[in-house]
Each structure stands twice: as structure tokens, then as C-alpha cells.
Amino acid sequence: MVRITLPDNSTRSFDSPLTAFEVAQAISPRLAQDALAVRVDGQLVDTKTLIDKDHHVEIVTTKSDPTTAVDLMRHSCAHVMAEAICRLFPETKLVYGPSVENGFYYDIDLDRPITPEDFPAIEAEMAKIVASDKPFCRYEMTREEAMPRLKAEGNRYKLDNAERAQSDVLSFYTTGQPGDGSFEDLCRGPHVPSTAKVGAYKVMSVAGAYYRGDASEKMLQRVYGTSWPTKKELDAYLFQLEEAKKRDHRVLGKQLDLFSVHDHIGPGLIHWHPNGALIRHEVETFWKNEHLKRGYDLLYTPHIASERVFQLSGHLEKYADMMYSPMDLDGQNYYLKPMNCPFHYAIYKTAVRSYKDLALRWCELGTVYRYEPSGTLHGMLRVRGFTQDDAHTFCTPEQLGAELDLILELMHYMMTTFGYTYKAYLATRPEKYLGTEEEWERATQELRAALERRGLEYEVDEGGGVFYAPKIDIKLIDSLGREWQGPTHQVDLQAAKRFKISYVGADNHEHEPIIIHRTVLGSMERFIGGLIEHFGGAFPLWLSPEQARVLPISEKTNEYAASVLQKLRNAGLRCSMDISDDKINAKIKRAHEMKLPYMLVVGPAEAQNDSVTVRIRGCKEQRNIKVDEFIASAQQDINTRCLEPGLKS
RNA sequence: GCCAACGUAGCUCAGUCGGUAGAGCACGGCUUUCGUAAAGCCGCGGUUGUGGGUUCGAAUCCCACCGUUGGCUCCA
């Protein structure tokens, strides 16, 4: 007698042990058909698992538990792809094939490179496997039984996986009968019942991946696929990828004429075109003003420095291969600076500082150069020359809390102005660190307390701190829900000592100040690259390089258009007019392509009464209003940094 | 840095089996003077990433380098 308790707490009794599939069948044939796996007392297992005792049983379907279901389908789909690849290339050695966000991959060791031309063949082979609706059969062996077999197979990766497995029993999955020569794979499972249940899939890409993520290990081929419960969801995902591509900052950077990179000048070095530079200018102006309001002082420091300063800072020792090679000047090595801190410290040390001078808040848009590995460069997001929005706060231990509050407030204000929400992380002491455990504990506690005073929810990133400091990391969530590395605030435990930075306390003795490194935007390059994608190129009015364009209906109203343009410019708006002899349709299309917030159409009717017909980005209706009204409305939106263009009156 | 793919006009792309390079947009000129997402015609524009090699002949095949893309590793 087996008593099964279902999720709704109802129970069913069966005379003899039975599989989870049979339990589902007893409930409804439809459920049995939809069953992908089952939770027995909370543990996820195959539907073929025999249930021979009283258990809580929960049948997993795409409806009952979509997250688990799709994850299982993807994992099983990875196996189907692996089988397909093995059929096409029998010398393939399988390594590891998990599900990942939006799909799955399988790492394989195969001397012949897989290329995108192979994908159709792989997909065709997968289709055959799916059509044959073969069951995923699990069988288990003890470690003693399994190891000789694995050794005989000559697949060092599977052998390695097996050796690392905790359990005494190893499980295999085959799409035939155990031992009949069908495809099989060492795998923890569980899997969906059969190859027909892996959903709609597509082989996406192939890339290199080090075995076990270790750069000294062999480079494997990682074949990526995506899979979804239905064809419709697959198509929706592929469509979404196309849409994301249109928001790619590199694509928009060209389309909107924002920036370029030139291989004859150097990879990873951004050239800001007028439109991009204008956006940067607005961001920088905003940044500076908000800092000045909060008691920061601005600094400018040099771009190169003698090697002595980087020996002192420890950068040469730790990051020499990430720095541009030195230039020999008068027998002395000079480096492009990879960061700004030592320069700020130098300024600090030009005077004896009293506790009465603190806290000092110094900020700089400091341009630094780092020789990033070539394979990591990516548009504006990962570059070799960039401008950090850097700041250092020098304060007494008593002031630390208040200073952290100020930093979090500034961060919050700036992020919400750009329309970002964010998540906070507290990164604690890493394995390799400098300083004492007590110092780390105290500094971490201060950061934690500041987060809590602000009422910020945060996750602890255990061991995620830098070697000299615990930190608060902020991850931005953009309009597509993607996370970006955002602001970071570090309480430095080493710099004061290393650079002999001190202040005179009320006790007339020297003390070490606390130094907070922090950045809000990260770098102008990465932040604005991110902004481009966040807004999809449709910038809010205050950031738009061109805020409005006057579009005369024909040459006859060019003169009126010019007078409107002059009025707008006098009012401080960035605008132009389109006096090409194209028709109005073409002018509108062009303005749309540049994602301008406002188009102002003018013809004889408008010229009569000093008005413009406004067309707002993203909206087909038009409104006729007086030029002065438009100006007032636009100015208000600019002043409030309104995120979406509109009309105020 | 590692693996793979890719690199053709300012941009987006075509170019078959190796036979001296093509379109659309952009740009210039002309016609048109127009009411809400592309008017028409004509024209300009290329050492096919760079350097070698194979060949009677290379965008096409081979090698090296540079760069880009997708990942991996890394990101003070």
C-alpha cells in the first residue's frame, strides 16, 4: 500500500509501488501527458521514478511550475543537441551541458571546429531525435562499477566529473536501453520523460570556453542553443533579440552619429562625435553641479606620472601588464595613469590638514588608460581609455557614517534622474586582503549601517570586496530589466598608511583619515553606452543632442522656419531646421530616425499666427501651439529633467 | 590573452565554379514647391582591412598581421 499526498493535501492510495508517471495517469491522462518531472518530498526526479513508500508528490508541468519546467526542458534539449553532435561527429568528447538563462549550452572537446554552417545539420539531427520520441532512461551504477567504464571510454572530462561527484552512486542517461550502444551521458538529471518533450529550440552560436573556466586548461567548444516550451515563445524570444540589437549602443552610435572607434588610432579608444559629446557634456554638467551642491570640490590632475608614484601605490606590482608601456623621459619612466587616487592624495598632502578641515570631498572627471585584453573590448562598454567620475572623501572615523549617507543620497538622486532603479550589494572581505580583520569588520559594519539607515535592501556579496577595501556595489536595472555594473563605494583601509596621509586631531596628534573612493557613473564611456541602450537612443529632452527640428512644408515657408529657429535658439534650445527640398514626409522620416523629441512643422498656416505644429516623438498626433508656448513647455521639461517629451499646456 | 567566425563605397549589404566590382541609402547637380514615417532623373564614390604567397589571372584559394563580433578568462 502506497499513500501519496498531493500538493492540495488530498491523498491517494495505491496497492503496489508505481512510477510518478502512473500517479499522474491516475489523476488524469492529460496530466500524465504534460508531466515533465516530479517532486517527491520536495526533491526533483524523473517521472519514471518508482514510488514505493508514502510521499508527498507534486507533478511538474509547464503550467504548474514554469521555471522548473523550462529549466528541465533546456537541460534535456542540451542532451538532444549533444546526441546530434555526436552522431555527426563521432569523435566528439562531451564535457558539460547545463541549462542557462534563455537556453542551454554544451561544452565539447572536438578538434574539428563547429561553425555556424554546421547548425542546420545539427538542428536537422536534433529534429530526428525529437521525432523519434525516445525515452530518457536513467540508470545508476556504484562508483566502483562506473569508474572502469568511464576510463575505458577515454573521456577525461566525464571521468573528472565523476571523480568530483560527491555521491557513491553515479547516474547515466541514455536515449535507448542501457548498454545497447545508444547515446548516453553521465548526468545528475533529472530529465523530461522523452526527447519529444524538449520544446522548440534553435542552435544559436559557438564559442570557446576554458575547461572548468581555467585559462590554463584546454579551450573547449561551447555550443549555445535556446529552447522554449512552444514555437511561439521561441519566435518571441528571437524577435526580442532582434529588438535588443536595434538598441545596441554600437548600432545606435552609428545611426545617431554619437561616437566611433578607429583601428588606425587604437582599439578601445572612443571618439565622441558632436552628438555624443553633447550628451556627455550634459551628463558632466549635471554631475558637477550636483557635486558642488553637496560640498564637493573639483580637481583636475595630470594624465601621466612617473613610475615612482605607481610603485608607491602598488599598481606597478599588481597591474603592470594592464598598464600602457612606460615612456622614457629624461631617463625616468612615465606611465599613463590607470587611476586617479594617487594624484588626489598628492594634493591632500600639500598642507597639514586639521580635523577641522575634514571632511574633504574631492571629485574629478579623470581620464585614465588601462591596457585591457583585446578580447574583452566592447564598444563603449569596455574600453582602454575612459573618464572616471572619481571622488575621494577624506574624513575622520566619526564622520564616516554621515559621509556614506551623503554618498548614497547623491547616488540615489542621480540614478533616479536617469530613470534607473537599482540593487545594492555589500561586498565583504576577500580571501586575499591587506589590513587586519578588525579593520575590515569595522569598515564593513559602517557600510552595512549606512545601507540600513537608508532603508536599502541589499544582498551580501561574500568575499566580493577589493583587496584593500570592502564596498557597496550598486547594480542598475535598465528599461529592459538588464543589470549593469553601477556606482561603487569603497572604504579604503590601506591608502592612508601607504601614502602616509594624516590629519591633526583635537588631541594634537596625527591620525589616519578614512578614505572613501567612490564613483557614481563608473566612467563616462560605459555609463553613456549604457544610457544609449537604456533609452534605446530616444533620449530625454535635457540630454537630446538636438531637441527640436523645424520642418517647413516647402521652400515658401523657409523664412518663417528660420525665424522660429532663431527664437528657439535664443531660448537656449538645441535645434536645427530642415530646408532640403524633400517633401514633408521625408523630413519627418529623417527626424524620426534621429529620434528627435520634437518636430515642429511650419507652413503658411503657422506663419500666419506665430505657431508651430508639434509632433512629439513616439506619438502620431500633432498639436498646433504658439511658438512661445512650445518654448515654455520645453524649458520646463528641461529644467525638471523630464524623462519623456510631452507638452505642458 | 584564448577559441571560432567575419572584414567589399560614408552606411547597410550582394558578388555563383578563380576571369579586372554591384545595389539601396547617404553625398553633388537638375526638375518638383509639396501638409505629417522615403517625389523623379542624372552624377560622384572602391589599391575588396594590411602585407606576402599560389595562379596566365585572386574579393574569391593559402600564410602572417591588424581589427570587429560572439563567448571564455579578466576588469584596481
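So that the names make sense, note that chain A is the first sequence line, chain B the second, and so on, each numbered from 1. Reckoned from all heavy atoms, side chains included, excluding hydrogens, waters and symmetry mates. Please read all numbers here as calculations on a predicted model, not as lab measurements.
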Any chance the side chains of [X] and [Y] put a donor and an acceptor closer than 3.5 Å?
| X | Y | answer |
| --- | --- | --- |
| A:Asn275 | A:Glu546 | no |
| A:Thr387 | A:Thr367 | yes |
| A:Asp109 | A:Tyr211 | no |

Rounded to whole angstrom, note down the [atom1] distance from [N] over to [M].
| N | M | atom1 | value |
| --- | --- | --- | --- |
| B:G15 | B:C6 | P | 13 Å |
| B:A58 | B:A21 | C1' | 13 Å |
| B:A26 | B:G7 | P | 26 Å |
| B:G28 | B:U60 | P | 34 Å |
| B:C2 | B:A59 | C1' | 29 Å |
| B:C62 | B:C30 | P | 50 Å |
| B:G53 | B:G45 | C1' | 31 Å |
| B:U8 | B:G22 | C1' | 10 Å |

Choose from [options] the nucleotide whose nearest atom is closest to any side-chain atom of [X].
| X | options | value |
| --- | --- | --- |
| A:Ala215 | B:U73, B:U36, B:A76 | B:U73 |
| A:Ala586 | B:A5, B:U73, B:A39 | B:A39 |
| A:Ala605 | B:A39, B:A37, B:G35 | B:G35 |
| A:Asp582 | B:A38, B:A39, B:G1 | B:A39 |
| A:Met219 | B:A76, B:U68, B:C72 | B:C72 |
| A:Pro604 | B:G35, B:U32, B:A38 | B:G35 |
| A:Asp581 | B:U36, B:C34, B:G71 | B:C34 |

May I ask you to say what [X] touches in the nucleic acid, namely base, sugar-phosphate or nothing, with a heavy-atom cut-off under 4.0 Å?
| X | answer |
| --- | --- |
| A:Ile584 | sugar-phosphate |
| A:Arg222 | sugar-phosphate |
| A:Pro373 | base |
| A:Phe467 | nothing |
| A:Glu606 | base |
| A:Ser313 | nothing |
| A:Asp321 | nothing |
| A:Tyr105 | nothing |
| A:Val466 | sugar-phosphate |
| A:Gly375 | base |
| A:Leu220 | nothing |
| A:Ala209 | sugar-phosphate |

Does the side chain of [X] get closer than 4.0 angstrom to OP1 or OP2 of [N] through an N or O atom?
| X | N | answer |
| --- | --- | --- |
| A:Ser205 | B:G71 | no |
| A:Lys583 | B:U32 | no |
| A:Arg526 | B:C75 | no |
| A:His592 | B:U36 | no |
| A:Lys556 | B:C34 | yes |

Can we call the ring centroids of [X] and [Y] under 6.0 Å apart?
| X | Y | value |
| --- | --- | --- |
| A:Tyr105 | A:Tyr224 | yes |
| A:His392 | A:Tyr345 | yes |
| A:Phe630 | A:Tyr598 | yes |
| A:Tyr468 | A:His517 | yes |
| A:Phe394 | A:Trp362 | yes |
| A:His271 | A:Phe259 | no |

Charged N to carboxylate O under 4.0 angstrom, A:Arg615 versus A:Glu621?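 Here A:Arg615 does not pair with A:Glu621 in a salt bridge, since their nearest N and O are not under 4.0 Å apart.
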Check A:Lys337 with A:Glu364, please: is the shortest side-chain N to carboxylate O separation under 4.0 Å?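 So A:Glu364 pairs with A:Lys337 through a salt bridge.
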Side chain of [X], base of [N]: donor and acceptor closer than 3.5 Å?
| X | N | value |
| --- | --- | --- |
| A:Arg112 | B:A4 | no |
| A:Arg382 | B:C74 | yes |
| A:Gln622 | B:G35 | no |
| A:Tyr210 | B:G1 | yes |

Please state how far atom [atom1] in [X] lies from atom [atom2] in [N], giving the value in whole angstrom units.
| X | N | atom1 | atom2 | value |
| --- | --- | --- | --- | --- |
| A:Tyr371 | B:U73 | OH | P | 21 Å |
| A:Ile553 | B:A39 | CD1 | P | 13 Å |
| A:Arg623 | B:U36 | CZ | C1' | 17 Å |

5′-ward residue of the pair A:Val601/A:Arg370 relative to RNA chain B: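 The residue closer to the strand's 5' end, by nearest nucleotide, is A:Val601.
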Nearest-nucleotide comparison on RNA chain B, the residue closer to the 5′ end among A:Gly213 and A:Arg590: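 Between the two, 5'-proximity favours A:Arg590.
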Quick check on contacts: within residues 247-264 of chain A, what sits under 4.0 Å from RNA chain B by heavy-atom distance?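 Going residue by residue through residues 247-264 of chain A, the ones with a heavy atom under 4.0 Å of RNA chain B turn out to be A:Arg250, A:Lys254, A:Asp263.
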Does A:Phe539 have A:Lys595 sitting over its ring (NZ/CZ under 6.0 Å from centre, angle to axis within 45°)?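 The answer is no, since A:Lys595 fails at least one limit relative to A:Phe539.
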Take the angle between the ring planes of A:Tyr433 and A:Trp440 and call it parallel below 30°, perpendicular above 60°, tilted in between.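 Rings of A:Tyr433 and A:Trp440: perpendicular, over 60°.
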Could you spell out the base pairing of RNA chain B in dot-bracket, with Watson-Crick or G-U pairs whose two distances are under 3.5 Å, [ ] crossing and | to another strand? (((((((..((((.....[..)))).(((((.......))))).....(((((..]....))))))))))))....
